[in-house]
Novice: 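One structure is given below, represented as C-alpha cells, and several questions about it will come after.
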Amino acid sequence: MKGELSHGLPELVTDRNHILRADTRQPVLLRGVNRSGLEYADPGAGGFLAGAGLSRDELKEIVLGWCANIIRLPFNQYMMLRGKGAYPAEQYLNAMDQVIDWAAEMGAYTILDLQWLDSETVYGYTRTGGGAVRVNHVAPTPDPDSIAAWRE
C-alpha cells in the first residue's frame, strides 16, 4: 500500500533535530494542527467520518486556508481493530485512509496518533482551567492489542 495514499508527497527523514526530504535532503518545516474526533466520536448515519464531523471541505480549509502541511489524526485502537456497533473495523480503517488521502491530495502529511485504547475505559479525571472535572480516556500505556493496531 506504500505510496497509494501519499499522492507523491516526498518521504521525510530526520537528521538529529532536523526533518528533511529523503530525496533531496532539504529541510522541511512542518506546521499543522490536531484534528480530534475519530478517537472518541460514535459513528453517525454516514459512518465514522460523519460521527467525527470530519469532511473534505474541512481538511481543505485546514490545509489550503490555514496553510497547514501536517495533520495529527488521533485514533481509537478498539474501533480500528473491532469497529463500533453496526460499523465494522474495515469502515474505521477506510475513514482513516480517507483523511490521509484528502490531506495528501492537498499536499499535507498525516501523523497517526494512537490516542485511545477504547472509548469506554476511564483512566482517572482531570480538571480544566475553570475547575470543571473531565473524564480521562487516554490510557497511560499501550496494551497487547496496540501492536496489532500498529501492524494494521
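Since the model is a prediction, treat every value here as computed from it, not as a measurement. This chain uses plain numbering: 1 for the first residue, then up along the sequence. Atoms considered below: every heavy atom in the structure, side chains included; atoms not considered: hydrogens, waters and symmetry mates.
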Novice: Side chains of Asn76 and Tyr40: closer than 4.5 Å at any heavy-atom pair?
Specialist: no
Novice: Honestly curious: do Val138 and Trp150 fall in one hydrophobic cluster under the side-chain, below-4.5 Å linking rule?
Specialist: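 In one cluster: no.
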Novice: Which pair of heavy atoms, one from Asn69 and one from Leu29, lies closest together, and at what distance?
Specialist: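 That would be ND2-O, 2.9 Å.
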Novice: I need the Leu81 CG to Arg151 CZ distance, nearest 0.5 Å.
Specialist: 11.5 Å
Novice: Write down the atom of Ser6, the atom of Ala104, and the distance for their closest heavy-atom approach.
Specialist: O-CB, 3.5 Å
Novice: Let me check something: do Val99 and Ile111 share a hydrophobic cluster, defined by ILVMFWY side-chain heavy atoms less than 4.5 Å apart, either directly or through other members?
Specialist: no
Novice: Quick one: pull up OG in Ser36 and CH2 in Trp116 and give me the separation to the nearest 0.5 Å.
Specialist: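 If I round to the nearest 0.5 Å, the distance is 9.0 Å.
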Novice: I'd like to check Ile100 versus Leu112 (side-chain heavy atoms, cut-off strictly below 4.5 Å). Are they in contact?
Specialist: yes
Novice: For Asp143 and Thr141, does a side-chain donor sit closer than 3.5 Å to a side-chain acceptor?
Specialist: no
Novice: Is it the case that one hydrophobic cluster holds both Leu54 and Tyr109, taking links as side-chain heavy atoms less than 4.5 Å apart, direct or via other members?
Specialist: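 They do not share one cluster, since no chain of ILVMFWY contacts under 4.5 Å joins Leu54 to Tyr109.
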Novice: Just so I know, are the side chains of His137 and Gln115 near enough to count as touching, which here means a heavy-atom distance under 4.5 Å?
Specialist: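 No - every pair of side-chain heavy atoms lies 4.5 Å or more apart.
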Novice: Between Gly37 and Ala52, what is the shortest heavy-atom contact and its length?
Specialist: C-CB, 3.6 Å
Novice: List the atom of Arg21, the atom of Pro10, and the distance in Å for their closest heavy-atom pair.
Specialist: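 Closest approach of Arg21 to Pro10: CZ-CG, 3.5 Å.
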Novice: If every non-hydrogen atom of Ala68 is compared with every non-hydrogen atom of Gly32, which pair is closest and at what distance?
Specialist: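 So the two residues come closest at CB-CA, 3.9 Å.
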Novice: Given the rule in the side-chain contact (heavy atoms from CB on, under 4.5 Å) test, do Leu12 and Val28 qualify, once you have shown the distances and angles that lead to the verdict?
Specialist: CA-CA 8 Å; Leu12 301 178; Val28 175; 3.9 Å; yes
Novice: Taking the side chain as C-beta and beyond, is there a heavy-atom pair between Glu152 and Met80 under 4.5 Å?
Specialist: yes
Novice: A side-chain contact here means heavy atoms from C-beta on lying under 4.5 Å apart; do Tyr78 and Thr121 qualify?
Specialist: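 Answer no - side chains too far apart.
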Novice: Quick check: does any side chain N or O of Thr14 sit under 3.5 Å from a backbone N or O of His18, one acting as donor and the other as acceptor?
Specialist: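 No; judged by distance alone, with no hydrogens or angles, the pair does not exist.
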Novice: Start with the C-alpha distance between Asn136 and Val122, add both sets of side-chain angles, then the distance that settles side-chain contact (heavy atoms from CB on, under 4.5 Å), and finish with yes or no.
Specialist: CA-CA 6 Å; Asn136 175 25; Val122 175; 5.9 Å; no
Novice: Counting N and O atoms only, with roles assigned by atom type, does the side chain of Thr24 sit under 3.5 Å from a partner on the main chain of Gln26, one being a donor and the other an acceptor?
Specialist: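 Side chain of Thr24 to backbone of Gln26: a pair is present.
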Novice: Give, for atom OG1 of Thr126 and atom CZ of Arg134, the distance between the pair rounded to the nearest 0.5 Å.
Specialist: 5.0 Å
Novice: Using 0.5 Å steps for rounding, measure from the CD atom of Glu39 to the CG atom of Asn34.
Specialist: 7.0 Å
Novice: So how far is it from Glu61 CD to Ser55 OG, rounded to the nearest 0.5 Å?
Specialist: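 Spacing of CD (Glu61) from OG (Ser55) equals 10.5 Å.
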Novice: Between Phe48 and Met79, is any pair of side-chain heavy atoms under 4.5 Å apart?
Specialist: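 A side-chain contact exists here, since the closest heavy-atom pair is under 4.5 Å.
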Novice: Output every pair passing salt bridge (Lys or Arg N to Asp or Glu O under 4.0 Å) with a member in residues 113-132, not counting sequence neighbours, ordered by first then second residue.
Specialist: Arg72-Asp113, Lys84-Glu120
Novice: Drop me the distance from Trp102's CH2 to Leu49's CG, to the nearest 0.5 angstrom.
Specialist: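 That separation rounds to 5.0 Å.
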Novice: Are any non-hydrogen side-chain atoms of Ile70 and Thr110 less than 4.5 angstrom apart?
Specialist: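 No; the side chains remain at least 4.5 Å from each other.
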Novice: If you define the side chain from C-beta out and look only at heavy atoms, does anything of Leu117 sit under 4.5 Å from Ser146?
Specialist: yes
Novice: Would a hydrophobic clustering, with Ile, Leu, Val, Met, Phe, Trp and Tyr connected at side-chain separations under 4.5 Å, put Val13 with Ile19?
Specialist: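 Shared cluster, no.
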Novice: Decide, yes or no, whether a salt bridge links Arg56 with Asp101 under the criterion of side-chain N to carboxylate O below 4.0 Å.
Specialist: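 Salt bridge between Arg56 and Asp101, a charged N being under 4.0 Å from a carboxylate O: no.
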Novice: Indicate the atoms forming the closest heavy-atom contact of Tyr87 with Gly47, along with that distance.
Specialist: CE2-CA, 3.8 Å
Novice: In terms of hydrophobic clusters joined by side-chain contacts under 4.5 Å, are Val63 and Met96 together?
Specialist: yes
Novice: With no hydrogens and no angle check, is any side-chain donor or acceptor of Gln91 less than 3.5 Å from a backbone partner on Ala89?
Specialist: no
